[in-house]
Amino acid sequence: MRIATWNVNSVRLRLDNTLAWLKERQPDIVCLQEIKCQDEQFPREAFEAAGYNVAVHGQKGFNGVAVLSRLPFDEVTTGLPGDDEDVQSRFIEVVVSAPEGAVRVCGIYLPNGNPVGTEKYPYKLGWMARLKDHVAARLTLEEPLVVCGDYNVIPEAEDAANPQAWVNDALFLPQTRAAFRELLNLGLTNALRASTDEAGLYSFWDYQAGAWQRNNGILIDHLLLSPQAADRLKAVGIDKHVRGWEKPSDHVPVWADLAVGV
DNA sequence: ATGGTTGCTGTGCAA
């Protein structure tokens, strides 16, 4: 089963790119972030015609997450538990049944947190604490679980082309990186880092200042695996070439193959 | 080099 994550930065503007990439990469499950539309504006029919079931947790203008799945959904839940006041659409969780058993997938759009010094940074850290609590609870199920999405976290210096440019940024502050490590320390495996320690692997290049042309990227889109998923990990990839397409997102897809189901 | 670009919205905000 191939599970992917991609921050598309507007699913409506990126529909052609997304359909072209689905055809090329043939993922079974895709978590989309920053769809930037309400549920009823999501181009559901186009994805259904491509062979996918659709689950959407949208929001007007900003944020918004969705999951595409070739297999039908056994469960869909939206919203990260732990704060009833949080109205931002950043979390969706699905369960699908593969022949060998259920696979649970959480699609996340973790808050950016900038500018540091505003309420945005504590919101990010609070969201990460809530995610940790939720993942800890899910891990007790002892099933294959993938928590993937735009984490807005640069875990290590080698995950940025120019780490010094990020030292005061919410994506790379020590507290941010510590919270990400706390998540890993629950027993999750970073799929990409389970297969390579290579530097220079990025998933985001800013639209500004020729970041793509200079390969000034950062790695902030991650797939974290429960032990039962990590045991079945077969391959991981980053579809960097998609950043060079016409009208690209500033993020590219990241995917992992698990030896479960199709 | 404290800029630069993109998307949605509303003529600014978020990233």
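In this text, all values refer to a predicted model and were calculated from it rather than measured experimentally. Lettering of chains follows the sequences in order, A, B, ..., and the numbering in each one begins at 1.
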**Request:** Write down the distance between NZ (Lys36(A)) and P (dC13(B)), rounded to a whole number of angstrom.
**Result:** 15 Å
**Prompt:** Does the pair Glu93(A)/Arg138(A) count as a salt bridge with the N-to-O cut at 4.0 Å?
**Reply:** yes
**Request:** Could you check how far CG of Leu13(A) sits from C1' of dA15(B), rounded to whole Å?
**Result:** 15 Å
**Asked** Does a donor on one side chain sit under 3.5 Å from an acceptor on the other, for Arg70(A) and Gln26(A)?
**Response** yes
**Prompt:** Rounding to the closest angstrom, what is the interatomic distance between dA15(B) and dG4(B) at atom C1'?
**Reply:** 13 Å
**Message:** Under 4.0 Å, heavy atoms only, any strand: does Arg90(A) hit a base, just the sugar-phosphate, or nothing?
**Reply:** sugar-phosphate
**Request:** Measure from CG on Asn63(A) to P on dT9(B) and round the result to the nearest Å.
**Result:** 12 Å
**Item:** Atom C1', compared across dG7(B) and dT11(B): separation rounded to whole Å
**Value:** 15 Å
**Message:** Categorize Phe204(A) for me: base, sugar-phosphate, or nothing, with a 4.0 angstrom heavy-atom threshold over every strand shown.
**Reply:** nothing
**Prompt:** What's the CG-P distance between Asn216(A) and dG4(B), to the nearest Å?
**Reply:** 16 Å
**Message:** Tell me if the centroids of the rings in Trp6(A) and Trp21(A) come within less than 6.0 Å of each other.
**Reply:** yes
**Asked** Between Arg14(A) and dT6(B), is there a side-chain N or O to OP1/OP2 distance below 4.0 Å?
**Response** no
**Euclidean distance, atom CD of residue Gln208(A) to atom P of dA14(B) [Å, nearest integer]** = 15 Å
**Request:** Determine the Euclidean distance between corresponding P atoms of dA14(B) and dT9(B); express it in Å to zero decimal places.
**Result:** 14 Å
**Asked** Do Ser226(A) and Glu143(A) have side-chain atoms, one donor and one acceptor, less than 3.5 Å apart?
**Response** no
**Item:** Ser10(A) side chain near dT6(B) phosphate (N/O to OP1/OP2, under 4.0 Å)
**Value:** no
**Request:** Specify the separation, in whole Å, of atom CH2 of Trp205(A) and atom P of dT6(B).
**Result:** 17 Å
**Asked** Taking atom P of dC8(B) as reference, at what distance in whole Å does atom NZ of Lys60(A) sit?
**Response** 13 Å
**Message:** Does atom CG (Asn185(A)) have a neighbourhood of more than 12 heavy atoms from anything else shown, all under 6.0 Å?
**Reply:** yes
**Message:** In this structure, how many angstroms lie between the C1' atom of dT6(B) and the CZ atom of Arg243(A), rounded?
**Reply:** 10 Å
